[in-house]
Amino acid sequence: MFGLLGPNGAGKTTLIKILCTLMLPNEGTALVNGYDIFQHDKQIRRSIGYVVNEERSFYWRLTGRQNLDFYAVLNNLTPTQAKKRINLVLEITGLSPHADKMFKDYSTGMRQRLAIARGLLAEPDILFMDEPTRSLDPTLAQQLRDFIQQDIIKRHGKTVFFSTHNMTEAQMCQRIAILHQGKIQTCGTIQHVRGLTPKKRYLLKLHQNGFDYHKIILSLPFVEKINVLKPEAGSPYLPLEIYINEQQGNMWQLIEKLVCAGGRVEACHPQELSLGELFSQLTS
């Protein structure tokens, strides 16, 4: 599972359309499943499925099965192949009981599943999805994410490449790329991305002995922000959340400064930045 993250207007849809051979780039090239987008566009189309969010790409007065039958013809499937594949993708997406309902009577979640069924018609190795949960409520979105992970990837062995700006979805990915203003800012595992930013967060517990910790901490140029947290009931410690820029200094310099000035440090713990915070830093 590969996630393409980026704010609105970053170029996510454009990049996916280029990889699906629906658009040609002004310069450069790309390989999909080992095929060049300029020289081997037909081979690429045979090995990919493209899940389009747009409901108007279906015929509302046809049933789900009839819609799939139409797109099977466009995928050059013979009638025998089409019948077999349609039954299979309806089963995979859980739409078999609803196959003969008109598309206009489908719920939003069912329409999204039919879009995935259409993308799976030609037995693709790679499934491209452009913000697949964009129009779904939180419950349906989670159901779709579970379906993609458990059925599409684990059970049927497909590679899924999808764009999103939802941090929950990004956490599901083996690898992510962050796109900003048409350029990849970084690409790798989430742990790799976490290591790229110099901004770190620590939880510091200090003895509440009347000592003015804020003045000393804020005098250090590498401290970017302090949040005073609510202490536990009856606790003698003052908990602080501190953000520092490790290109300019480190936490041990801060602790040394506090101790030398007479402060008492009980504990210090590094805190992972959320993926949302990393995303904001890398696109700012």
Side-chain angles (χ1 to χ4, degrees), residues 1-6 8 10-25 28-60 62 64-77 81-82 85-86 88-90 92-93 95 103 106 108-136 141 144-145 147-149 151-153 156-166 169 172-173 175-177 179 182:
M1 197 164 191
F2 184 90
L4 180 66
L5 280 75
N8 291 331
K12 301 187 298 294
T13 299
T14 301
L15 177 55
I16 285 179
K17 285 184 175 180
I18 287 171
L19 295 177
C20 291
T21 72
L22 297 175
M23 293 174 66
L24 290 174
T29 189
L31 299 175
V32 178
N33 213 18
Y35 297 114
D36 184 280
I37 57 170
F38 288 103
Q39 300 175 30
H40 309 117
D41 55 327
K42 290 182 180 177
Q43 290 94 324
I44 289 175
R45 287 175 200 153
R46 288 192 200 106
S47 64
I48 67 169
Y50 181 31
V51 178
V52 184
N53 248 340
E54 181 49 61
E55 293 175 350
R56 291 291 168 187
S57 63
F58 285 104
Y59 291 91
W60 284 46
L62 295 181
R65 189 186 301 277
Q66 288 169 335
N67 267 288
L68 292 177
D69 204 29
F70 173 77
Y71 284 105
V73 173
L74 296 185
N75 277 282
N76 298 314
L77 299 181
Q81 289 173 325
R85 285 299 299 170
I86 288 169
L88 180 60
V89 298
L90 286 170
I92 290 171
T93 53
L95 287 175
F103 181 79
Y106 276 15
T108 304
M110 289 164 63
R111 289 172 184 176
Q112 192 68 319
R113 284 183 176 240
L114 191 67
I116 294 173
R118 179 178 59 188
L120 291 170
L121 271 176
E123 294 188 78
D125 296 319
I126 306 165
L127 203 59
F128 285 91
M129 297 182 173
D130 192 3
E131 296 188 22
T133 60
R134 179 174 51 197
S135 57
L136 304 182
L144 183 61
R145 287 193 284 265
F147 168 71
I148 291 168
Q149 276 191 303
D151 286 74
I152 304 296
I153 296 172
H156 293 278
K158 306 300 181 187
T159 293
V160 173
F161 180 116
F162 73 95
S163 67
T164 185
H165 42 68
N166 183 311
E169 292 174 0
M172 296 161 47
C173 299
R175 296 175 69 235
I176 61 172
L179 187 70

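Computed over heavy atoms, backbone and side chain alike; hydrogens, waters and symmetry mates excluded.
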Can you name the closest pair of heavy atoms from Asn33 and Ser47 and give their distance?
ND2-CB, 3.4 Å
According to ring pair (Phe, Tyr, Trp, His ring centres under 6.0 Å), who are the partners of Phe103, at least two apart in sequence or on a separate chain?
Phe58, Trp60, Tyr106
Nearest 0.5 Å, what's the CG-CZ distance between Leu114 and Arg65?
11.0 Å
Non-hydrogen atoms of Ile86 and Ala72 that approach each other most closely:
CD1-CB, 4.4 Å
Looking only at atom types and distance, does a side-chain atom of Lys12 sit under 3.5 Å from a main-chain N or O of Gly6, one as donor and one as acceptor?
yes
So, His40 side chain and Asp36 main chain: donor-acceptor pair closer than 3.5 Å or not?
yes
With a 4.0 Å cut-off on N to O distance, would you call Asp41 and Arg45 a salt bridge?
yes
Please tell me if the side chains of Tyr50 and Ile16 come closer than 4.5 Å, counting only heavy atoms from C-beta onward.
yes
Is there a side-chain contact between Leu120 and Leu88, using heavy atoms and a 4.5 Å cut-off?
no
Nearest-0.5 Å distance, CD1 of residue Ile148 to OG1 of residue Thr133
7.5 Å
Less than 4.5 Å apart, any side-chain heavy atom of Thr164 and any of Leu4?
no
For Leu77 and Glu123, what are the C-alpha separation, side-chain angles and deciding distance, and is it a side-chain contact (heavy atoms from CB on, under 4.5 Å)?
CA-CA 11 Å; Leu77 299 181; Glu123 294 188 78; over 6 Å; no
Is the shortest heavy-atom distance from the side chain of Arg118 to the side chain of Val52 under 4.5 Å?
yes
Distance from Ile116 atom CD1 to Leu144 atom CG, nearest 0.5 Å?
4.5 Å
Taking every heavy atom of Ala115 against every heavy atom of Val51, the minimum-distance pair comes out as CB-CG1, 3.8 Å
Rounded to the nearest 0.5 Å, the CE atom of Met23 sits from the CG atom of Leu15 at a distance of 10.0 Å
So do the side chains of Thr159 and Asp125 get within less than 4.5 Å of each other, counting heavy atoms only?
no
Please examine the side chains of Ile37 and Pro25, heavy atoms only from C-beta on, and report whether any two atoms are closer than 4.5 Å.
yes
Quick check: closest heavy atoms across Asn76 and Gln81, and the distance to 0.1 Å?
O-OE1, 4.3 Å
Enclosure of Phe147 CZ (heavy-atom neighbours >12, cutoff 6.0 Å)
yes
Evaluate the ring planes of Phe161 and Phe2, with Trp represented by its six-membered ring, and classify them as parallel (under 30°), tilted (30 to 60°) or perpendicular (over 60°).
parallel
For Pro124 against Gly119, the heavy-atom pair lying closest together:
CG-O, 3.3 Å
Are Ile153 and Lys158 side-chain neighbours, meaning at least one heavy-atom pair lies under 4.5 Å?
no
Counting C-beta onward and ignoring hydrogens, is there a side-chain heavy-atom pair between Met1 and Arg175 closer than 4.5 Å?
no
Nearest heavy-atom approach of Ala30 to Leu19 is CB-CD2, 3.8 Å
Do Asp130 and Ser163 meet the criterion of a side-chain donor-acceptor pair at a distance under 3.5 Å?
yes
Has Tyr59 got more than 12 heavy atoms of other residues, nucleotides or ligands less than 6.0 Å from its OH?
no
Nearest-0.5 Å distance that lies between atom CD in Gln43 and atom OG1 in Thr21:
10.5 Å
Measuring from atom CZ of Arg85 to atom CG of Asp69, what distance do you get when rounded to the nearest 0.5 angstrom?
14.0 Å
I'd like to check the side chain to side chain contact (heavy atoms under 4.5 Å, CB included) partners of Ile48; sequence neighbours left out, ordered by chain and number.
Cys20, Val32, Ile44, Ile126, Phe128
